[in-house]
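The basis for the numbers below is simple: all heavy atoms, side chains too, and nothing from hydrogens, waters or symmetry mates.
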Amino acid sequence: MTGEGLTKAAVLGTGSWGTTFGMILAEAGTRTTLWGRRAEIVHAIDREHENPDYLPGLRLPESLRATTDPAEAMAGADFVVLAVPAQTLRANLAAWKPFLPPEAVLVSLMKGIELGTTKRMSEVIVEVAEVPPGRVAVVSGPNLVGELAQRQPAAAVVACSDTMVAERFQEACHLPWFRTYTNPDVVGVELGGAVKNVIALAVGVAVGMGLGDNLRATLMTRGLAEISRLGAALGADQHTFAGLAGMGDLIATCTSPLSRNRTFGENLGRGMTMAEVVAATKQTAEGVKSCESVLDLAAKHDVEMPITEVVVGVVHDGMTPAEAAMLLMSRTPKPERYGV
């Protein structure tokens, strides 16, 4: 705890999710400073209380500060919240390591699996920052930024192997319209958040192709089965996948037009090329890069993930959406009880 009895947080990243979560922390009474690389955005947040690039028109709390200096942002912070694209975490965190307060809890808002290493974000944090797992927390759940920015009711999960740490962060971001639940299953919470982006790409492709609700429901249900199988192989608690960080996040990401990953897939399904979709996409759709690392992680543990396979085929290997649909529907399923 910092001076005046207030908890202090640094949020590293001024994209839409980092800015929105900074708003949540500030409104919950946590002294919060955002760090951003781009001076024009930082100055707008600090002086005009708005992020014109990512959240135009949204009034931010006057107590929310911003800086381009990571040392200033993290000075005395009880929580350091990481809100950068998943594949940039390792390099960014290595640069920030000298400024990390010695007792700060590191909180991941990122939903991805690292390319090459197949590590979850919390594993990257533990490795690079050289901190014990009990000082790393993960936030996940059905948290569409477009709704949260309007302060619409939502819930999330704070996962940490140390329950007291999770409860401290739960208190730091508690609001009447934003409720958090704690969960010690960091593995399950992270896998749910990362793999649902891949499934949302598949659902988006189906939507773009004009295919119906039956297929969308099939992809979501079978997608949840893929997440659960991978989770079981990695020792996750299977109950996690029936909760907010599993099914809840999957439903929101697969069904909402606010979802970056679903929108990305939808554009592919409509016939746009990868280059055209990337050019038209302003913000990171984490599933586009993480689908390869998710599939690599599954292969390491001998887990079948056919939806993930075809997403990789469409996004990275030149497979057409029609070919992907045919491949999925013609695949001979292995016997499974209850069709799940």
Taking all atoms of both residues into account, what is the closest heavy-atom pair of [X] and [Y], and its distance?
| X | Y | value |
| --- | --- | --- |
| A252 | P142 | CB-CB, 3.7 Å |
| C160 | G134 | SG-O, 3.5 Å |
| A202 | I307 | CB-CG2, 3.7 Å |
| M247 | A242 | CE-O, 3.7 Å |
| V139 | K111 | O-CE, 4.5 Å |
| Q238 | S228 | NE2-O, 3.3 Å |

Do [X] side-chain atoms and [Y] backbone N/O form a donor-acceptor pair below 3.5 Å?
| X | Y | answer |
| --- | --- | --- |
| D78 | A9 | no |
| S293 | S290 | yes |
| S259 | T253 | yes |
| R216 | A206 | no |
| T33 | A10 | no |
| T19 | T14 | yes |
| T30 | A172 | yes |
| E286 | A86 | yes |
| N267 | V277 | no |
| E266 | G208 | no |

query = Given D249 and S140, is the side chain to side chain contact (heavy atoms under 4.5 Å, CB included) satisfied, shown in steps?
reply = CA-CA 8 Å; D249 201 5; S140 193; 3.6 Å; yes
Transitively linked via ILVMFWY side-chain contacts under 4.5 Å: [X] with [Y]?
| X | Y | result |
| --- | --- | --- |
| V136 | M164 | no |
| V189 | I227 | no |
| V312 | F264 | no |
| L211 | V198 | yes |
| I199 | L230 | yes |

Value rounded to 0.5 Å, distance of [atom1] in [X] from [atom2] in [Y]:
| X | Y | atom1 | atom2 | answer |
| --- | --- | --- | --- | --- |
| L144 | Q152 | CG | CD | 9.5 Å |
| H49 | L64 | NE2 | CG | 9.0 Å |
| I41 | D53 | CD1 | CG | 4.0 Å |
| K8 | T32 | NZ | OG1 | 9.5 Å |
| L201 | R262 | CG | CZ | 12.0 Å |
| L25 | L34 | CG | CG | 9.0 Å |

Whether over 12 other heavy atoms sit under 6.0 Å from [X] [atom1]:
| X | atom1 | answer |
| --- | --- | --- |
| H174 | NE2 | no |
| H239 | NE2 | no |
| E171 | CD | no |
| K119 | NZ | yes |
| D317 | CG | yes |

query = Can E309 and L295 be said to form a side chain to side chain contact (heavy atoms under 4.5 Å, CB included), step by step?
reply = CA-CA 7 Å; E309 284 182 28; L295 192 58; 3.5 Å; yes
key: Under 3.5 Å side-chain donor-acceptor pair for T182 and Q170   = no
Are side-chain heavy atoms of [X] and [Y] found at a separation under 4.5 Å?
| X | Y | value |
| --- | --- | --- |
| L268 | V315 | yes |
| V186 | P133 | no |
| E127 | R90 | yes |
| V294 | N197 | no |
| F21 | V145 | no |
| M220 | T255 | yes |
| P306 | E226 | yes |
| M274 | V288 | yes |

Below 3.5 Å, can you tabulate the donor-acceptor pairs from side chains in residues 92-109 to any protein atom, sequence neighbours excluded?
| from | atom 1 | to | atom 2 | distance (Å) |
| --- | --- | --- | --- | --- |
| N92 | OD1 | R37 | NH2 | 3.0 |
| N92 | ND2 | T88 | O | 3.1 |
| N92 | ND2 | T88 | OG1 | 3.1 |
| K97 | NZ | E130 | OE1 | 2.1 |
| S108 | OG | M110 | N | 3.2 |

query = What do the steps show when you test V42 against R38 for side chain to side chain contact (heavy atoms under 4.5 Å, CB included), and what is the final call?
reply = CA-CA 6 Å; V42 165; R38 294 169 55 190; over 6 Å; no
task = For the pair R168 and T7, evaluate side chain to side chain contact (heavy atoms under 4.5 Å, CB included) and give the outcome as yes or no after the intermediate values.
result = CA-CA 10 Å; R168 281 174 52 209; T7 300; over 6 Å; no
